[in-house]
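Here's the structure, in structure tokens; my notes come after.
Excluded from the calculations below are hydrogen atoms, water molecules and symmetry mates; all remaining heavy atoms, backbone and side chain alike, are included. Below, chain A is the first sequence line, B the second, and so on; all start at residue 1.
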Amino acid sequence: MKRLFKASPLLHRAIRELIITIILLYCVLLSLNILLKDFVEALFPIKFLGWLIICLLIVESVIRRQNSQTLIK
Amino acid sequence: MKKLKSKKIIWAWRLILLLGSTLIVAHILLMYYAPYKDLVLTYNFSAKPLLISEFTPSGRVLDREQNVTNGEYYQRLVAEPAYFTADIPKRYQQAEVTFEYQNPEQSIIQLGINLQYSADQFTPLFQPLQNKYLEESTWPTIENEKYVLYQKIPNYKSVEDFLAHPPANAKTGTWLEGFDVKQIDEQYQAAHTGIVVDHPIRGTHHLFTYIKNQPLKFTFKYYDINNLPGEDPFWIQLKRNGEIIEETKNPDDGEIGIATKSTGEKTIEFRKNNLQEGVYELDLSVSDDIIITHIETDQDKLVFKDRVHLAGTKDYETFVPNINTEPSTLYTSANYITAIAKHPVGVEPLEMYNGTFDIATVNVPYTWDNPIFEQPHHFTAKHNDIDVYGDRPFSFSEDNWFDPFFGRYALNQYTNVDRLDYMITKKYTPPGKKRSWYTASTTFDLTKINRSEISQLQFIVSAPGLPAASQGIKVRNLTIRASKPSTTLWNILPKLKQKILQ
């Protein structure tokens, strides 16, 4: 795990931006789903986005910890 | 230098994210609004489809299969009816549904759409997919704008004439239309003996009776066994030629949970005076929580349309004290009987006039076919507890039986066309055929569907009389092309105005 997410501020930032984008997309799709009467849900796996956000948050926290440990060293 | 490179990477990444999100939202909006083209949904059974559901329920439909030789996927329908749904926004006004399928055995296949979106009721409008009887018929035909009349002997000169003066003693096969006509039985004389049915039946049933110079009077005694969640009102509709004349409703007993106990015997009476002579239909719309234990009427004729769910079994004794468990004999001229045992006690052979009809497992439909077309027969269910379906009415006594349709019955797999005199159907174009695969299309007017704001359409694939042990119907492709008037500035502006004003 540690080797996989080697301390990298750039990767950390990229993942953070990805999470923000997916959260925004998730909100937009949820609103659209209400507006378009469940049409989005049938076409696009919205629930999958929710799980993806959770996974990315875990990855982000691992990288954050790696980064902070590198800084201490 | 390194910082500048990182900044560039971050900006490129942001651009990718923005473009990706925009593309996803744009794709959804384009699919929904489809401003320049029709919405086309295709399901080729190779993977789980988007916007179209798989066929259901399992049991009537097998799992997806793959042909090992050519890699094609398909799904097989082995019992009817089967269902699927499609998510098509409300703004689309027409849907053309195309099936690609193999059909080695089944004579009739039709596709229906649910007109009334409701969780507990399916109101289908059927359209033709295939009718091999009509394709193979050599009878002379006449037609008008809506219907085609096939005549073994050309007695009628127009379809209108046939509908206005239907033959008195002829057998007519109908397809996709009921062709109700206010026909009367010239020979009928009321005997005023009345009828009592004490054999318990469960759930929705459709009854027919004949009225001549007498009031219609029915009394139903029933129990609400509260075995399923939800309300269980007892709703009766009196109809003639499909039109509702009067209705009445007994409310639920107040227990809407799964209490697994009844709140005692209930009674509902239905009476209507001054009815014209003719056939009347009583629709008993109730849930499977209702067990009707007693039917009493002043009428002399009483038949059940096409289904009787016999429920006189010890399994219900805890709900219905002293339930009548005496064997039930049903009289009919059905060309096929499909029976489903609802509990182990219902798994028993039925003695038919040509041999034994085995019902071997619970909740599996078994079909018996009548070797002689429309031959009247009867059978006895010693332990009841079977759900019986057929293509002709049933009665509990030979004397009560009558033909409420005057010989006009829907064509099905078991129809012997040689024994018919006429066939009357909606206009029909036979499917195309390439090798063993048929391609059939039918179009639905979506504006007729009451689905409020819900985008889901519910379809029903029906193959009347599809034998329980058949090869079934193998579907390899399903395409739905939904269309609407094209979106232009001129028609979008009034709509926007209307939306804003709302």
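Of the inter-residue distances, the one linking B:Trp13 atom CH2 with A:Leu11 atom CG reads 9.5 Å to the nearest 0.5 angstrom. Between atom CG of residue A:Leu10 and atom CD1 of residue B:Ile9 there is a gap of 5.0 Å, rounded to the nearest 0.5 Å.
Closest non-hydrogen pair, B:Ile10 versus A:Ala14, comes out as CD1-N, 4.2 Å.
Checked against A:Thr21 for a side-chain contact (heavy atoms from CB on, under 4.5 Å), the options B:Ile16, B:Leu18, B:Leu17 give a single hit: B:Leu17.
Counting heavy atoms of neighbouring residues, nucleotides and ligands inside a 6.0 Å radius, atom CZ of B:Arg14 exceeds 12 of them.
The contact between A:Leu18 and chain B is made by backbone and side chain atoms together, counting heavy-atom distances below 4.5 Å.
When each of B:Leu29, B:Ile52, B:Val25, B:Ile24 is scored by its heavy-atom pairs under 4.5 Å with chain A, the top score falls to B:Ile24.
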